[in-house]
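Contents: one structure, followed by commentary.
Predicted model, so just to flag it, every value in this text is computed and none were measured. These numbers come from the heavy atoms of this one structure, side chains and all, not from hydrogens, waters or symmetry mates. The sequence lines fix the lettering, A, B, ..., with proteins before strands; numbering per chain opens at 1.
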There are 2 protein chains.
Amino acid sequence: MFTLSEENYLKAIYHLELDSDKGISTNAIAEQLETKASSVSDMIKKLSDKKVVVYKKYKGVKLTDLGKKTAANIVRKHRLWEVFLVEKLNFSWDEVHDVAEQLEHIKSPKLINQLDALLGFPTHDPHGDPIPDKNGNLKTIDKSLLSTLSKNESGVCIGVDDSSSEFLRFLDKKGITLGNKITVLEKEDFDDSLSILIEGKQLSISNKIANNLYIKKI
Amino acid sequence: MFTLSEENYLKAIYHLELDSDKGISTNAIAEQLETKASSVSDMIKKLSDKKVVVYKKYKGVKLTDLGKKTAANIVRKHRLWEVFLVEKLNFSWDEVHDVAEQLEHIKSPKLINQLDALLGFPTHDPHGDPIPDKNGNLKTIDKSLLSTLSKNESGVCIGVDDSSSEFLRFLDKKGITLGNKITVLEKEDFDDSLSILIEGKQLSISNKIANNLYIKKI
DNA sequence: TCTAATTTTTAGACTTGTCTAAAAATTTAT
DNA sequence: ATAAATTTTTAGACAAGTCTAAAAATTAGA
Ligand SMILES: [Mn+2]
Ligand SMILES: [Mn+2]
Ligand SMILES: [Mn+2]
Ligand SMILES: [Mn+2]
């Protein structure tokens, strides 16, 4: 149905659309995929021919319903495989992404349904990102950045914005794990750094970290 | 390291070498991969450049040690994934091959080592074929075709020669499963058909079937 | 509005992998 | 040994995907 390359473009557009309701520009896609605008321009024609995007010239592309469903299914596979790697194969959360980038392109509906069942129908991947359902529906969860919490407010750590290996390993080193309860003890006006209470311990957190950690306010 | 296409050629040559100690001909490879001799000729140059085959002109190719190890690792991955699909995802043995053809190309040593462990370090795939170890060593097992058994001889069913979906489903329908003990009750000279005793039941088996079932004599 | 900066597309080239058709080399048969 | 049949290689073309460089369209600025 779709080539590996087409799937990667669809996924990129899908992710970009989550942050924008306007058409996705050629340049934005090129940046996301670390490729050139001319290559994107070529691919847009192919995707348009295949009815997965609509293109209004110089206004960017938008996914059609078919495009959205196709892209969501790739994201679904990516995240289910990440759960599998962590839960069944003892990968840590900073090791799974590159392997999932490969596994997401395996074509077998039965495989992914059975994997879903084996994993107990998980709703989120190891980084706290929601797993689209079979129909491509994504439930958006009510999340805030840790940096938006005020003094004495609390939340449960539910996800990361930056899911680079570097950031994830940094969180590991600090002992910050999804599910942990965090309370803001102090907020420095000077550099927006935080003093937080997490799992009974006190920690100092820079603004950069607080801007990349999602919490659910409680 | 190797492209998907290069990996498929290596695997094809590896399988062909198991049945022949001579160089593998261009035509034999073309037939195995359902492609054209000219394409094979092109690819042999690439593989030769990459030091995974040696080519003596008009004498066919042979895998180098590096080539053998690389090919065996692909076969190892293919067979481990087949075990996974059957043991963990409830696939039947006739459904696994095509998915394994895709999964065998996933690149992650950790993935395959952990999968091996999850599966309990299996030695054979669902069709009775041996799984190469981490160093690419394949233990050849002592197996005979059911058709070579004489009247009143017995064996345990340990593998299939033809592993097409059609044959595997036929075996399912007849109730023949790996591990079953088979005794030859009668052998017809006329058409070489067999009357066998399997799991307490009597069955009539054509020569075609008996020529595609491996047993271990007991 | 008219020019400048930016974005996007096109033109042309290159790589990988494939194919058909034809040429060349080898093997087999007489 | 020579011709015939077979195998293998080469030549040339094509599709997918990418790139650089240049042209065209759009948007922004004065
Ligand atoms: Mn990921
Ligand atoms: Mn991908
Ligand atoms: Mn197989
Ligand atoms: Mn393959």
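The stretch residues 28-45 of chain B touches DNA chain C through Thr35(B), Lys36(B), Ser38(B), Ser39(B), Asp42(B), each having a heavy atom under 4.0 angstrom from the strand. Annotation: proximity of residues 1-24 of chain A to DNA chain C (heavy atom, distance under 4.0 Å) is found for no residue.
At least one donor-acceptor pair closer than 3.5 Å links the side chain of Gln102(B) to the backbone N or O of Lys107(A).
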Check against side-chain contact (heavy atoms from CB on, under 4.5 Å), Phe167(A) and Asp161(A): CA-CA 10 Å; Phe167(A) 181 56; Asp161(A) 188 45; over 6 Å; no

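The shortest distance between side-chain heavy atoms of Asp133(B) and Lys139(B) does not fall below 4.5 Å.
Here Asn27(B) reaches the OP1 or OP2 of dT8(D): one of its side-chain N or O atoms lies under 4.0 Å away. Taking only side-chain nitrogens and oxygens, Lys46(B) never comes nearer than 4.0 Å to OP1 or OP2 of dT16(C).
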In residues 21-30 of chain B, what donor-acceptor pairs under 3.5 Å come from side-chain atoms, sequence neighbours left out?
| residue | atom | partner | partner atom | Å |
| --- | --- | --- | --- | --- |
| Ser25(B) | OG | Ala28(B) | N | 3.0 |

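The only member of Lys110(A), Lys77(A), Arg76(A), Arg79(A) that meets salt bridge (Lys or Arg N to Asp or Glu O under 4.0 Å) when paired with Asp116(A) is Arg76(A). Of the options Lys45(B), Lys46(B), Lys50(B), a salt bridge (Lys or Arg N to Asp or Glu O under 4.0 Å) to Glu6(B) is made by Lys50(B) and by none of the others.
Rounding to the nearest 0.5 Å places CG of Asp192(A) at 15.0 Å from NZ of Lys208(A).
Closest approach of Leu80(B) and Ile112(B) over heavy atoms only: CD1-CG1, 3.8 Å.
Glu104(A) meets the salt bridge (Lys or Arg N to Asp or Glu O under 4.0 Å) test with Lys11(A); sequence neighbours excluded. The ring pair (Phe, Tyr, Trp, His ring centres under 6.0 Å) search around His124(B) returns none, not counting sequence neighbours.
In this structure, Lys50(A) atom NZ and dG17(D) atom C1' are separated by 13 Å, rounded to whole Å. Put simply, CG on Asp49(B) is 14 Å from P on dT15(C), counting in whole angstrom units.
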Between the protein and nucleotides 23-27 of chain C, are there any N/O to N/O pairs under 3.5 Å, and if so, what are the atom names and distances?
| residue | atom | partner | partner atom | Å |
| --- | --- | --- | --- | --- |
| dA25(C) | O4' | Tyr58(B) | OH | 3.2 |
| dT27(C) | OP1 | Lys59(B) | NZ | 3.1 |

